[in-house]
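Values in this document were obtained by computation on a predicted structure and should not be read as measured data. Just so you know, these numbers use all the heavy atoms, side chains as well, and skip hydrogens, waters and symmetry mates.
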Amino acid sequence: MGTSEEYAAFQEKVKRTVYIDNLSPQVTEPVMKNALDQFGNVNSVQFIPNYIVPGNIPKCALVEMESKKQADAVISVITEFPFMISGMPRPVRASAAVENMFDDRPRKPDRKIHCRWLDNDDPDFEIAKKLKHLSQIHSKEADFLLKKQLQEEEKLAKKQQEELKAHYKKHELMDGIMSDGTAKRLARLYNIRPPNEG
């Protein structure tokens with residue numbers, strides 16, 4: 001059972017933690033730390049698994065900063081300006097974390113939980129059945145949207161890779177022209193100032 005001191009320490013941790021969602025499934029812990037390092041020291045990154053889709057692919061994370069001030073800065077900037085992580089096409093969202101988001105939270109001191117089975121004739125039984133049905137529908141919709149999202153991100157990643165290769169080839173070409181004297185010869189031929197000459 002959690003003590004008052006443990007729970008107080010946990011509440012302090014919650015205050016300096018940011019909940020970030022709309023993440024790409026391709027984002028990793030080092031990528032998150034790199035992206036948020038500009039706001040201060042990142043103590044930890046905990047991805048929240050999505051258990052209702054195959055593969056438990058996370059799309060959100062709890063990021064613990066070193067202080068509440070740093071956490072507030074992350075939330076302020078990401079809320080005010082589009083903030084992309086890992087070159088993905090959609091900005092992430094940030095908000096203050098709340099206690100129920102943590103699966104390792106200590107039990108509240110003196111809290112008691114009561115559980116009971118629902119009988120078929122219980123009024124809440126029909127509500128529970130409807131909730132179960134809605135969760136199944138939501139699961140199928142989420143699975144479909146995730147597949148579409150992954151397809152779009154794979155296309156984007158491929159396009160970015162192709163553009164990067166094209167830029168690298170241009171750089172190599174320009175470097176070759178400059179190093180073998182072609183640029184200076186062309187400059188003399190067209191009577192223009194040679195490159196790198198004031």
(message) Treating S179 as the side-chain partner and D175 as the backbone partner, does any N or O pair qualify as donor plus acceptor under 3.5 Å?
(response) yes
(message) Once side chain to side chain contact (heavy atoms under 4.5 Å, CB included) is applied, do any residues pair with K15, and if so which ones, sequence neighbours excluded?
(response) E12, K68
(request) May I ask you to say whether E64 pairs ionically with R16, meaning some side-chain N is under 4.0 Å from a carboxylate O? (result) yes
(request) Identify the two heavy atoms, one from V45 and one from A61, that lie closest to each other, and give their separation to 0.1 Å. (result) CG1-CB, 4.3 Å
(request) Please name the pair of heavy atoms, one in P82 and one in P91, separated by the smallest distance, quoted to 0.1 Å. (result) CA-CB, 4.0 Å
(request) Would you check if I20 and L36 make a side-chain contact, meaning some heavy-atom pair closer than 4.5 Å? (result) yes
(request) Identify, with sequence neighbours excluded, every residue that meets side-chain hydrogen bond (donor to acceptor under 3.5 Å, both in side chains) alongside R185. (result) T182
(request) For E141, enumerate each residue passing the side-chain hydrogen bond (donor to acceptor under 3.5 Å, both in side chains) test, keeping only those at least two apart in sequence or located in another chain. (result) none
(request) State, to 0.1 Å, how close T79 and A94 come at their nearest heavy-atom pair, and which atoms those are. (result) OG1-O, 3.8 Å
(request) Please round to the nearest 0.5 Å and tell me the distance separating atom CG of L145 and atom NE2 of H138. (result) 9.0 Å
(request) Find the distance between CE (M65) and OG (S44) and round it off to the nearest 0.5 Å. (result) 10.5 Å
(request) For residues V18 and L62, determine if any side-chain heavy atom of one lies less than 4.5 Å from a side-chain heavy atom of the other. (result) no
(request) Could you state whether F81 and I85 fall into the same hydrophobic cluster, counting links through intermediate Ile, Leu, Val, Met, Phe, Trp or Tyr residues with side-chain heavy atoms under 4.5 angstrom apart? (result) yes
(message) Using modelled atom types and a 3.5 Å cut-off, is there a donor and acceptor pairing between side-chain atoms of D119 and backbone atoms of D121?
(response) no
(message) As an exercise, state the distance from CE of M84 to CG of N22, rounded to the nearest 0.5 Å.
(response) 10.0 Å
(message) The test is side-chain contact (heavy atoms from CB on, under 4.5 Å); show your working for V63 and Y19 and say whether it passes.
(response) CA-CA 6 Å; V63 181; Y19 172 74; over 6 Å; no
(request) For the pair D21 (side chain) and V92 (backbone), establish whether a donor and an acceptor sit closer than 3.5 Å, ignoring hydrogens and angles. (result) no
(request) Classify the side-chain pair D104/Q46 by whether it contains a donor and acceptor separated by less than 3.5 Å. (result) no
Would you be so kind as to tabulate the donor-acceptor pairs closer than 3.5 Å made by side chains of residues 27-35, with sequence neighbours excluded?
{"residue": "E29", "atom": "OE2", "partner": "K33", "partner atom": "NZ", "Å": "3.4"}

(message) For the CG atom of N43 and the OG atom of S67, what is their distance to the nearest 0.5 Å?
(response) 9.0 Å
(message) Quick check on F144: does its CZ atom have over 12 non-hydrogen neighbours (other residues, nucleotides or ligands) under 6.0 Å away?
(response) no
(message) With rounding to the nearest 0.5 angstrom, report the NE2 to CD1 distance, H133 to I137.
(response) 3.5 Å
(message) Using the side chain to side chain contact (heavy atoms under 4.5 Å, CB included) criterion, which residues pair with M174? Sequence neighbours excluded.
(response) none
(message) Working to the nearest 0.5 angstrom, can you tell me the gap between Y168 OH and L173 CG?
(response) 12.5 Å
(message) Quick one, V74 and Q70 - any side-chain contact, counting heavy atoms below 4.5 Å?
(response) no
Using residues 95-102 as the side-chain source, report each donor-acceptor pair under 3.5 Å to any protein atom, sequence neighbours left out, with the distance given to one decimal.
{"residue": "E99", "atom": "OE1", "partner": "Y7", "partner atom": "OH", "Å": "2.6"}
{"residue": "E99", "atom": "OE2", "partner": "Q11", "partner atom": "NE2", "Å": "3.3"}

